[in-house]
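Letters go in sequence order (proteins before strands), and every chain restarts at 1. Predicted model, so just to flag it, every value in this text is computed and none were measured.
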Amino acid sequence: MNVQDVLAAQVKEAVSNIFNVTLETVEFQPTRKDFEGDITLVTFPMLRQIKTSPVKLGEAIGDYLVAHNQEIEKFNVVQGFLNIVLADAYYLNFFGKVKDDPDFGKASVGEESIMVEYSSPNTNKPLHLGHIRNNLLGYSVSEILKASGKKVYKTQIINDRGIHICKSMLAWQRFGNDETPESTGLKGDKLVGNYYVKFDKAYKEEVSYLQAQGKTEDEAKAEAPILKDAQEMLRKWEAGDAEVVELWKTMNQWVYDGFEETYAKLGVDFDKNYYESNTYLLGKNVVAEGLEKDIFYRKDDGSVWIDLTDEGLDEKIVLRSDGTAVYMTQDIGTAIQRVKDYHINGMVYTVGNEQDYHFKVLFLILKKLGYEWAENLYHLSYGMVDLPSGKMKSREGTVVDADDLIEEMTATAKNISEELGKLDGYSEAEKEELYRIIGLGALKYYILKVDPRKRILFNPEESVDFQGNTGPFIQYTYARIQSILRKAEFDYSNPIFEYSLNEKEKQLIKQLQLYPETVQLAAENHSPALIANYTYELVKEFNSFYQNVTILGTEDETEKNFRVQLSKAVGDVIKSSFALLGIQVPERM
RNA sequence: GGUCGCGUAGCUCAGUUGGAUAGAGCAUCUGCCUUCUAAGCAGACGGUCAGAGGUUCGAAUCCUCUCGCGAUCACCA
């Protein structure tokens, strides 16, 4: 039971004793910094039930609380706000309990398990900045959900089939000269991506040639021989043609290897991969089932639909007239498959907001089909990452490549670090590792601190900041704390219960106190931004403490011990909360 | 056109069951390194919370309308 609950009960008791009124709700909020106090009772809502002035009411409740609760030191009333000052003992008691708890902030693991899907790339395009946002969000939300007490499985579905794959394969056959990642030194995803571009170029040439021959644009686009060949290749793939399947496997493997490299650099991982080549047939039997239950209906041409007009949506196709699956069919089938595979009771889909409508429909269909877990589906929808020039378009070469960006961030971190020159005694390897941690920290924090729903405008000209509300700022504070701990060569492990807190110390403990509820809130809202902002506040508070009080230099032993303990606890929380964002913290920088 | 999302300082963003004088960072300007890491601290400057109504003791937050930006409305994925 936290203070707020205790106080709420006592406030009700007070009002009942003094005014003979039973309160329904008691509303608290943290006291604003401009006023003295730790927690504030808002008395306005009570005035409906109690006929008196807000000030008199506040005074009366305040007097009662001070008389009946030892942890309350004093109070003051401003307008309808009763500001309560808690005794140091209360804070010391809390701090003593959590300072060495390695799981502080995290809930114990419960029954609920959930699958988080993210990344889900195409195999013909290298990962870009948009994927980075997706990956960081998906990974971080997974970690946050784990910390909130859920069992989490991370997954990606790899789009490894369809005409687009055949385009890259065909171009490689035609123009590839048996190039491989080994022979060229290119990452596999980049190599295959290049052939996708080559296909597009050849295709466009053929189209303009045909148009010059007098064909209309539509005719030319449909009749270009290279496209026909790609379609033929898809037919062969679907028929299981040995040669085509072999090439498909080889080239896909190149891409997977390339992706793995990028994932490893980014620090994200998956518990399970699903491949569309395995799942694209799923869902058809469910459509049959839905037809029987009259959830779906068949049109004259044989196609199957669901009518969602009652829900304010449209009609949506779930099976083509030729009996083949559409995207929706596959997603229905895959969802059901995942529940079978992992016995999960919910799912999170990390997919851009251009698919808001699709997921609305998907979830609705699954609910109508009667799956109880359909209530626990969440579309983690996020805004696009735009460049100053507008949308990223791979065909126009205006994409920010994921590998390049990571490289650039690392290089910037290196420049700054070398300029500051604080790394004497570090080996080259240690330095490189540190630059990577800082560069990635800057990038990840920059992206995760923003509310997922909002669009991000990314300007490659103005590189990501390393000062102010940034990843490196927070990492720096952590490194500072570690420096203090290295120098604190004495035993500071004993809890302290007799101590007079100064304002900075008290603020810090208050901020630490907020960590567990922040984790829960971030989990409920699927929002890493809440964790990022919390950590920033904590770090700002610590830096102010650090610059305004002496830690190791004080005469008073208790004071010195307490301040070291406090610094350590803050460092632990920084490390813990940054882990939820997928960001590492350095011992020095 | 229908639906959904967004609009807060010059720029990037916080502001979560409606609470006190709307907060940070960047940029600009002042101070602070012979004491624990100055990627820091202390301060100044900067606001019609897109606009108009409404609900409320109280609105950036809830409701309605208007404007602006974006997404979406395929037998594509």
Problem - Length of the CD1-P vector between A/I456 and B/U12, whole Å - result: 12 Å

Handout entry: Ring centers of A/F466, A/Y476 separated by less than 6.0 Å
Key = no

Problem - Polar pair under 3.5 Å, donor/acceptor by atom type, side chain A/T40, base B/A20 - result: yes

Practice task
Return the nearest nucleotide to the side chain of A/D451; candidates are B/A14, B/A77, B/U37.
Solution key: B/A14

Problem - Ring centers of A/Y378, A/H526 separated by less than 6.0 Å - result: yes

Practice task
Compute the centroid of each ring, for A/Y349 and then for A/F359, and state whether the two points are separated by less than 6.0 Å.
Solution key: yes

Practice task
Using a heavy-atom cut-off of under 4.0 Å over every strand shown, decide if A/D322 touches base, sugar-phosphate, or nothing.
Solution key: nothing

Exercise for the section: Using a heavy-atom cut-off of under 4.0 Å over every strand shown, decide if A/I484 touches base, sugar-phosphate, or nothing. Expected result: sugar-phosphate

Exercise for the section: Write down the distance between CD (A/Q29) and P (B/U16), rounded to a whole number of angstrom. Expected result: 12 Å

Exercise for the section: Check every strand shown and say whether A/Q467 touches a base, only sugar-phosphate, or nothing at a heavy-atom separation below 4.0 Å. Expected result: sugar-phosphate

Exercise for the section: Mind checking A/F473 for me? I need base, sugar-phosphate or nothing, with any heavy atom below 4.0 Å counting as a touch. Expected result: sugar-phosphate

Exercise for the section: For A/D331, report the nucleic acid contact type (base, sugar-phosphate, nothing); a contact means any heavy atom under 4.0 Å. Expected result: nothing

Problem - Ring center gap for A/F199 and A/Y196 short of 6.0 angstrom - result: no

Problem - Check: B/A39 base within 3.5 Å donor-acceptor of A/T470 side chain - result: no

Practice task
Considering only NZ, NE, NH1 and NH2 on the basic side and carboxylate oxygens on the acidic side, decide whether A/R563 and A/E559 come within less than 4.0 Å.
Solution key: yes

Exercise for the section: Give a yes or no answer on whether the side chain of A/S483 reaches the backbone of A/A479 with a donor-acceptor pair at less than 3.5 Å. Expected result: no

Problem - Distance, rounded to the nearest Å, where A/Q547 contributes CD and B/C36 contributes C1' - result: 10 Å

Handout entry: 4.5 Å side-chain heavy-atom contact, A/L313 and A/Y357
Key = yes

Completion exercise
A/Q547 meets the side chain to side chain donor-acceptor pair (under 3.5 Å) criterion, sequence neighbours left out, with none

Exercise for the section: Identify all stems in which RNA chain B takes part, counting only runs of at least 3 consecutive pairs (Watson-Crick or G-U wobble, each distance under 3.5 Å), and give each as one range with another, ordered by first number. Expected result: B:1-7 with B:67-73, B:10-13 with B:23-26, B:28-32 with B:40-44, B:50-54 with B:62-66

Exercise for the section: Remember a base hit wins even if backbone is also touched, and classify A/S544 as base, sugar-phosphate or nothing at under 4.0 Å, heavy atoms. Expected result: sugar-phosphate

Completion exercise
In whole angstroms, the gap separating P of B/C33 from CG of A/N543 amounts to 18 Å

Completion exercise
Which of B/C13, B/A39, B/C41 is nearest the side chain of A/K540? It is B/C41

Distances under 3.5 Å only, N/O to N/O: pair up the protein atoms with those of nucleotides 1-9 of chain B.
unit_1, atom_1, unit_2, atom_2, d
B/G7, OP1, A/K454, NZ, 3.4

Exercise for the section: Would you indicate what A/N159 reaches in the nucleic acid, counting non-hydrogen atoms under 4.0 angstrom: base, sugar-phosphate, or nothing? Expected result: sugar-phosphate

Fill in the blank from the handout: Rounded to whole Å, the CD1-C1' distance (A/I165 to B/A77) equals 11 Å

